[in-house]
Protein chains: 2
Amino acid sequence: MTDSLAVQLRARHSLLMTTELEAVALELFAARGFDAVTVEEIASKARVSVRTFYRYFTAKEAVLQVQLDRRCEALRVALAARPDDEAPLRSMRIALEAVVSADDPDLLRRWITVISATPHLVQSVLGGIQLKTQPLMAAFLAERLKTEPDSFEPIVLAAAVGGVIQAAQTRWFLQGGDIVALINEGLEVLERGIGTAPPSSA
Amino acid sequence: MTDSLAVQLRARHSLLMTTELEAVALELFAARGFDAVTVEEIASKARVSVRTFYRYFTAKEAVLQVQLDRRCEALRVALAARPDDEAPLRSMRIALEAVVSADDPDLLRRWITVISATPHLVQSVLGGIQLKTQPLMAAFLAERLKTEPDSFEPIVLAAAVGGVIQAAQTRWFLQGGDIVALINEGLEVLERGIGTAPPSSA
DNA sequence: ACTGATTATGGCATGTCCTGCCATCATTGA
DNA sequence: TCAATGATGGCAGGACATGCCATAATCAGT
């Protein structure tokens, strides 16, 4: 198994290449818009061939998924690190805080800028967030709430929390402010429940 | 203004063409998968040129958005039809019920089948649902809850409800059952709120 | 029914995305 | 040094999407 070292090196190299391509691409996207940048430009600026670009990214759009994947992984780790006996929603709040504040705000803002300038990216990234984060949160909630396997409740809660995060993120991007505070505010709304809101009727 | 008639006719024709192309495309997609069907096939089977196809749909993917648009419009109408003094969440539940049960279940199932067989479609449709339905619901909630303009609460609630719908829809597709019941169950979880869930701590 | 205007359609050319294939080069391990 | 494994580059080709213009259909006014 001496080759485990070679494997490590390869993985490292692959990661570096991905990061480099991502950086180059994001810079170009931010400057001139996603659609106006060709894969050839990205590859050329990163000193690789177009063919090689496609060996590290399945598509041009995939460049924008890397950031998403990083955050998901960070969330997974942050959730796993919370003590078992903590209130689940509190764990989520703390984990989210950690993930959000760990990110370089400038990078994040540029990332969002690029995406929000391109409608079809907004759509696919939004969907991607849902697809990746919600199973994560649902699994966590299912474990900590000790629900029976395949229960509907953690899934629903995860989806609701996911909605809150998205709403907070959107509002933060549009109006600025403190993203952590926005998330907390949103979660509080959720905690209160909706049942009490209506002005009349039951 | 005699041309308003002509305009109507044109709109009608456009709608028919869209519907026809959608039907043809969905049939092909369902049979062989989204990626394996070319636009040329769709156009040819519908007796139009490829160029004409792109006059009715901005992209091949857009074929799958019309169903979504229909449901959104139906939801908007159904929401607007609810009496002003009804509890907002009750209104939403009833409106959702109406929209869901108004749809042809077979068509809907085929639509979902096509989408769920193609990962990148799942992503973009999921995002599209969020982008289109949530502002709708948020506007409704803001109006009925009489919150101040630009308030965060209706947005958060709409996002949460959106999450519930998505969770119910997914579960319905995976495991079958009664979709209306699933939505109700999910909304009940939301109504109860999350604050009470944790087993210990505060 | 004829004519001019508006609109829909078709075909062509083009640019981009993405993939399969194979040749070439570099790195590793013996 | 040499063989094997993996990374890279280049090329061909199919599909998507759009701009452009010529043609056909449709409609309004006479």
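Here is the naming used below: chain letters follow the sequence lines, and residue numbers restart at 1 for every chain.
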Using a heavy-atom cut-off of under 4.0 Å over every strand shown, decide if Tyr56(B) touches base, sugar-phosphate, or nothing.
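If one applies the 4.0 Å heavy-atom cut-off, Tyr56(B) turns out to touch the sugar-phosphate alone, with no base involved.
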So what does Phe57(A) touch, heavy atoms closer than 4.0 Å: a base, only the sugar-phosphate, or nothing?
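It contacts nothing in the nucleic acid.
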Checking Lys132(A) now: which residues fulfil side-chain contact (heavy atoms from CB on, under 4.5 Å) with it, not counting sequence neighbours?
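Expected list: Gln65(A), Leu68(A), Asp69(A), Cys72(A).
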With no angle test and no hydrogens, is the base of dG10(C) tied to the side chain of Arg51(B) by a donor-acceptor pair under 3.5 Å?
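Donor-acceptor pair under 3.5 Å: no.
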In this structure, how many angstroms lie between the [atom2] atom of [N] and the [atom1] atom of [X], rounded?
X         : N       : atom1 : atom2 : value
Arg55(B)  : dT18(D) : CZ    : C1'   : 10 Å
Phe53(A)  : dC17(C) : CZ    : P     : 9 Å
Leu121(A) : dC17(C) : CG    : P     : 13 Å
Arg12(B)  : dA8(C)  : CZ    : C1'   : 18 Å
Lys60(B)  : dC17(C) : NZ    : P     : 17 Å

Which residues in residues 24-50 of chain A have at least one heavy atom lying under 4.0 Å from any atom of DNA chain C?
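Hits under 4.0 Å, by residue number: Val37(A), Thr38(A), Val39(A).
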Do NZ/NE/NH1/NH2 and the carboxylate oxygens of [X] and [Y] come within less than 4.0 Å?
X         : Y        : answer
Glu22(B)  : Arg70(B) : yes
Glu191(B) : Arg93(B) : no
Glu73(B)  : Arg76(B) : yes

Phosphate OP1/OP2 of dT9(C): any His13(B) side-chain N/O under 4.0 Å
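For dT9(C), OP1 or OP2 has a side-chain N or O of His13(B) closer than 4.0 Å.
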Looking at Tyr54(A), does any N or O in its side chain come under 4.0 Å of the phosphate oxygens OP1/OP2 on dC18(C)?
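Tyr54(A) to dC18(C) OP1/OP2: side-chain N or O found under 4.0 Å.
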Per the side chain to side chain donor-acceptor pair (under 3.5 Å) rule, which among Arg144(A), Arg82(A), Glu86(A) passes with Ser91(A)?
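The single option meeting the side chain to side chain donor-acceptor pair (under 3.5 Å) with Ser91(A) is Glu86(A).
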I need the full list of salt bridge (charged side-chain N to carboxylate O under 4.0 Å, His left out) pairs touching residues 108-131 of chain B, with sequence neighbours left out, sorted by first then second residue.
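As it turns out, there is no salt bridge (charged side-chain N to carboxylate O under 4.0 Å, His left out) pair with a partner in residues 108-131 of chain B once direct neighbours are skipped.
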